[in-house]
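Encoded as structure tokens, the structure appears first; notes follow it.
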Amino acid sequence: MRMLDIIAQKRLGGKHSDEEIAFVVKAASDPKAGVPDYQLTSWLMAVCCRGMDETETAALTRAMALSGQRLDLKALPAPKVDKHSTGGVGDGISLVLAPLMAAAGLVVPMMSGRGLGHTGGTLDKLEAMKGFRVRMGLPEITAQLGRIGVCMFGQTQDLAPADRTLYSLRDASSTVESIPLVVASILSKKFAEDLDALVLDVKIGSGAIFKNPREAQALSRALVKTARKLGLKSVAVLTAMDQPLGRYVGNSLEVIQAVEILKGDFTSADYAECLFTLGGWMMHLGGKAKSPKEGAAKLEAVIRSGAALEAFRKMVAAHGADPRVADDLELLPKAAMTREIPAPKAGFIAWLDARKVGEAAVILGAGRANKDSELDYGAGFFLEKKVGSQVAKGDCVARVYGSDRSRMDEATAYFLTALKVEGRRPRPMPVIRQVVR
Ligand code: URA
């Protein structure tokens, strides 16, 4: 079998056999296979343009999942559940959900990623807490799950190595937006976690991978169907990503948001709704609630009891950071400067483009402009106003946090291009758009 023939076959719209897919996955996971990156990248582009059917997508997912090792969590009696988001702006919900679900009696092995483009990454947010270690081997992850029921870690060489290679090639070759490639990437990593159930948060709107609702729905259906083929119970919840989620965008800032929620402050209503919907489904699929609604109510009680915050403290300590951060947010890295962005005119906030706010955060240093950029953990935005808020001219719409005056000037100007103020109150847009089962 030759890689060149496989590329040509897909370029012409052909269908791959399981053996051909296994060949590509081996090429991506084993440098000794001798297939150069440019051939893998050509194949990715051919898949992106020509697509893959359900059978090919399941075969690719299975082969990528089996390209490395898997956690073995059979010895742990509690159900193992996880949540995966396709990526957004201000979406630090994993920081809350992981300890919250552990406090509710589930086991949460949560493999997470770094920021990608304009979207934030869970690992970067966790590392805003000084000393938080996410590079862990399988024995250590398993032991921590047995001890405290939660572990948040990065992808290692051992887990789904084919995805590591393909993901970085996709990021650098404009081949991210392909449903079969996204499905295989997400599910191969989740399969390696030895889960009983998975809740998928598929973002929809300007800040999402797929802006178009039809494509986001197609992705949700493909994810749920393929997960089922792999024996994994799952649902996909389509959630709004037209404006940033919650009030904070940035790494330290999103830890603050997480701690506020864990303390029972639900004033960031869209964030809380998203949290309880996803968490409710995790409880239901994990067998801890008869319905997602009952699951959500139980989770609210766990937060109000203080058990979720205590699980967060334990998790932070287990990963090597200072658990006092839960009680003293001053321990988080802070930006050197802050300034306000005033409303350019009176009216209602009609639009606050999530993608542009995410890009403005990257300008501030909250995300990486390229692979080697250093992060400024304190940088980002606090959103004083969100879509639907009424403002007078000059009212503070957002607070900018940064450490470099010229970057702050540029980010402020860019933020203003994300903002539309209009005379009429906009129609409220639901946060939860659809559940695909
Ligand atoms: N998240 C992933 O893990 N993979 C993708 O391809 C897109 C989002």
Side-chain angles (χ1 to χ4, degrees), residues 24-25 28-29 40-41 43-45 47-49 51-52 56-58 60-65 67-68 82-89 91-94 98 109-126 134 152-156 159-193 195 198-205 207-212 215-224 226-227 230 232 234 236-239 241 245 278 354-355 358 367-368 371:
V24 175
V25 171
S29 46
L40 288 169
T41 309
W43 177 79
L44 289 167
M45 185 56 86
V47 172
C48 214
C49 297
M52 275 185 158
E56 290 174 291
T57 305
L60 178 64
T61 308
R62 193 170 293 114
M64 283 172 64
S67 68
D82 192 7
K83 182 262 335 182
H84 183 88
S85 154
T86 56
V89 179
D91 177 11
I93 277 189
S94 293
M110 195 176 267
M111 193 194 310
S112 303
R114 300 204 174 272
L116 183 66
H118 67 283
T119 65
T122 300
L123 298 182
D124 298 329
K125 296 168 200 178
L126 292 170
V134 295
M152 302 187 79
F153 52 95
Q155 191 172 4
T156 65
L159 294 164
D163 179 61
R164 263 176 89 88
T165 308
L166 295 179
Y167 196 92
S168 60
L169 295 176
R170 286 166 61 213
D171 192 27
S173 63
S174 188
T175 52
V176 171
E177 291 92 344
S178 152
I179 288 178
L181 296 179
V182 173
V183 169
S185 167
I186 292 175
L187 293 182
S188 60
K189 285 178 289 219
K190 296 295 144 183
F191 183 77
E193 292 176 351
L195 297 174
L198 172 67
V199 173
L200 295 147
D201 179 4
V202 178
K203 299 291 183 197
I204 188 165
I209 302 186
F210 293 106
K211 297 188 202 68
N212 176 321
E215 279 182 314
Q217 282 163 337
L219 172 64
S220 304
R221 282 193 297 271
L223 280 165
V224 170
T226 311
L230 294 173
L232 186 56
S234 74
V237 183
L238 283 117
T239 67
M241 187 39 71
L245 192 66
L278 298 169
R355 181 172 296 255
R368 292 179 187 78
K371 191 155 89 9

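We count residues from 1, following the sequence as given. Counting convention: from 1, in listed order, for ligands and their atoms alike.
- Atom CG of Leu219 is separated from atom NZ of Lys203 by 13.0 Å, given to the nearest 0.5 angstrom.
- Formation of a donor-acceptor pair under 3.5 Å by the Arg114 side chain with backbone atoms of Thr122 is not found in this model.
- Heavy-atom contacts of Tyr167 reach the following atoms of ligand 1: 2 (C), 3 (O), 4 (N), 5 (C), 6 (O) (cutoff under 4.0 Å).
- Of the protein's non-hydrogen atoms, Lys189 NZ, 2.6 Å is the one closest to atom 3 (O) of ligand 1.
- Taking any N or O of Arg170, backbone or side chain, at least one lies under 3.5 Å from an N or O belonging to ligand 1.
- In this structure, atom 1 (N) of ligand 1 lies nearest to the protein heavy atom His84 NE2, 3.6 Å.
- Heavy-atom proximity to Ile186, at under 4.0 Å, picks out these atoms of ligand 1: 1 (N), 2 (C), 3 (O), 4 (N).
- Of the candidates Ala160, Gly113, Ser185, the one placing a heavy atom closest to atom 4 (N) of ligand 1 is Ser185.
- The shortest N or O to N or O distance between Ser85 and ligand 1 is not below 3.5 Å.
- Ser94 and Lys83 share a donor-acceptor pair across their side chains, judged by distance under 3.5 Å alone.
- Side-chain atoms of Thr57 never come within 3.5 Å of backbone atoms of Pro180 as a donor-acceptor pair (strictly under, hydrogens ignored).
- Note that the NZ atom of Lys190 and the OG1 atom of Thr61 stand 14.0 Å from one another [nearest 0.5 Å].
- Judged purely by atom type and a 3.5 angstrom limit, His118 uses its side chain to pair as donor or acceptor with the backbone of Gly207.
- Given atom 7 (C) of ligand 1, the protein heavy atom at minimum distance is Ile209 CD1, 3.6 Å.
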